[in-house]
Amino acid sequence: LGFEYVRYLRKYKLTQPQIPANLDYGDANTYLTQRVRMTHPILHVVTEYDATPLGELALQAYYVGQLDNLISGVIISSVLLQITRDTPDLLGPALEVTSEAYQRGKASRSFLGIAWEELWSAQVPQLRELMDLPARTSA
């Protein structure tokens, strides 16, 4: 996982998310928001959704399947409207990957219950098994 995580960050020229110094761990909403933010790149690696617009769309749909996340739903709606307006030829693939990612999120074990910090040496396919993550079917 650690190797694939670093490779992902380098490929897309991303920096590793950092925990703010003044984070209030006593507030559940703050903790949850921060946990989702910190695990976002890890989930890209494990779910096999890249950092392209379609990959980000897919991960937001995965979040909706996992968390019934309203913000992710708003992001998905906005992106689909933009695709419809600007690149309608991508609408079919976008809807396909969105549907698949949502279903994978629903079927998977909660990513929030996994201690990712302890699994850097694990093989990514084993982590998919740990999560009960269905295989991708979309391109």
Side-chain angles (χ1 to χ4, degrees):
L1 175 63
F3 176 82
E4 293 299 331
Y5 176 77
V6 170
R7 187 165 76 168
Y8 167 84
L9 292 177
R10 287 180 179 167
K11 179 178 181 178
Y12 295 104
K13 297 176 177 55
L14 302 170
T15 59
Q16 182 174 347
Q18 300 297 312
I19 298 174
N22 59 351
L23 186 65
D24 178 10
Y25 286 101
D27 178 56
N29 287 330
T30 300
Y31 175 79
L32 179 61
T33 300
Q34 190 63 31
R35 185 69 179 163
V36 169
R37 190 173 83 65
M38 295 298 291
T39 58
H40 185 87
I42 294 171
L43 283 180
H44 270 286
V45 170
V46 175
T47 60
E48 301 175 274
Y49 297 128
D50 58 23
T52 65
L54 284 180
E56 290 294 343
L57 179 67
L59 197 53
Q60 293 302 320
Y62 184 86
Y63 284 144
V64 172
Q66 284 269 301
L67 307 170
D68 294 327
N69 185 352
L70 180 62
I71 298 300
S72 291
V74 170
I75 292 169
I76 291 166
S77 299
S78 175
V79 170
L80 289 175
L81 285 172
Q82 183 178 4
I83 288 171
T84 301
R85 183 191 68 209
D86 298 340
T87 52
D89 55 313
L90 290 180
L91 186 57
L95 291 171
E96 180 182 352
V97 76
T98 300
S99 175
E100 176 197 71
Y102 171 78
Q103 294 299 327
R104 291 177 83 206
K106 286 300 263 189
S108 300
R109 175 180 167 198
S110 173
F111 73 91
L112 292 173
I114 297 174
W116 297 102
E117 303 81 4
E118 299 172 8
L119 298 171
W120 292 120
S121 63
Q123 297 295 312
V124 174
Q126 293 171 327
L127 296 174
R128 292 184 188 119
E129 287 180 29
L130 173 70
M131 294 177 64
D132 295 322
L133 180 66
R136 284 196 62 183
T137 58
S138 67

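Just so it is clear, the values below take in all heavy atoms, side chains as well, and ignore hydrogens, waters and symmetry mates.
The backbone N or O of Leu95 lies less than 3.5 Å from no partner atom in the side chain of Ser99, so there is not a single donor-acceptor pair. Checking side-chain atoms of Arg128 against main-chain N and O of Leu133 turns up no donor-acceptor pair under 3.5 Å. Of the possible polar contacts, one joining the Arg37 side chain to the Gln18 backbone as a donor-acceptor pair under 3.5 Å is found. Judged by distance alone, with hydrogens and angles left aside, the side-chain atoms of Gln66 form a donor-acceptor pair with the main-chain N or O of Phe111 at under 3.5 Å. Without hydrogens or angle criteria, Ser78 side chain to Val74 main chain gives no donor-acceptor distance under 3.5 Å. Side chain of Thr52 to main chain of Gly55: a donor-acceptor pair is present (N/O by atom type, distance under 3.5 Å, no hydrogens or angles).
Side-chain contact between Leu112 and Leu67 is present, with at least one heavy-atom pair separated by less than 4.5 Å. Inter-residue side-chain proximity for Leu9 and Thr15 is flagged as unmet; no heavy-atom pair is nearer than 4.5 Å. Proximity of Lys106 to Asp68: side-chain heavy atoms (C-beta onward) are separated by under 4.5 Å at one or more points. Residues Tyr62 and Ser108 have side chains in contact (heavy-atom distance under 4.5 Å, counting atoms from C-beta outward). Residues Val97 and Arg136 have side chains in contact (heavy-atom distance under 4.5 Å, counting atoms from C-beta outward). The shortest distance between side-chain heavy atoms of Leu43 and Val36 does not fall below 4.5 Å. In this structure, the side chains of Arg7 and Arg10 stay at 4.5 Å or more apart for every pair of heavy atoms.
Considering every non-hydrogen atom in both Met38 and Pro17, the closest pair reads CE-O, 3.2 Å. When every heavy atom of Ala101 is checked against every heavy atom of Ala58, the shortest pair comes out as CB-O, 3.0 Å. Between Ile71 and Asn69, the closest heavy-atom pair is N-OD1, 3.0 Å. Taking both residues in full, the closest heavy atoms of Ser72 and Gln60 are given as OG-OE1, 2.6 Å, listed atom of the first, atom of the second, then distance. The minimum heavy-atom distance between Leu57 and Ile83, with the atom names listed, is CD2-CD1, 4.5 Å.
Atoms CD1 and CG, from Ile75 and Leu80 in turn, are 12.0 Å apart once rounded to the nearest 0.5 Å. Rounded to the nearest 0.5 Å, atoms CG (Leu54) and CD (Glu56) are 10.5 Å apart. Here CZ of Arg35 is found 9.0 Å from CH2 of Trp116. Values are rounded to the nearest 0.5 Å. Here the OG1 atom belonging to Thr47 is positioned 9.5 Å from the CD atom belonging to Glu100, to the nearest 0.5 angstrom. Ile114 contributes atom CD1, which lies 5.0 Å from atom CE of Met131 (distance to the nearest 0.5 angstrom). With rounding to the nearest 0.5 Å, the separation of OG1 in Thr98 from CD in Gln103 is 12.0 Å.
Residue-environment remark: OH (Tyr12) exceeds the threshold of 12 foreign heavy atoms within 6.0 Å.
Side-chain heavy atoms closer than 4.5 Å link hydrophobic residues (I, L, V, M, F, W, Y) into clusters, and following such links, even through other members, never connects Phe3 to Val124. Connection of Leu59 to Leu14 is established within a shared hydrophobic cluster, with ILVMFWY side chains joined at heavy-atom distances below 4.5 Å, either directly or through further cluster members.
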- Message: Apply side-chain contact (heavy atoms from CB on, under 4.5 Å) to residues Leu119 and Leu130 and explain how you reach the verdict.
- Response: CA-CA 11 Å; Leu119 298 171; Leu130 173 70; 4.1 Å; yes
- Message: Run the ring pair (Phe, Tyr, Trp, His ring centres under 6.0 Å) test on Tyr8 and Tyr49 for me, step by step, so that the C-alpha distance in whole Å, both residues' side-chain angles and the decisive distance to 0.1 Å come before the verdict.
- Response: CA-CA 11 Å; Tyr8 167 84; Tyr49 297 128; over 10 Å; no
- Item | Stepwise side chain to side chain donor-acceptor pair (under 3.5 Å) test for Ser138 and Glu96 | CA-CA 7 Å; Ser138 67; Glu96 180 182 352; 5.0 Å; no
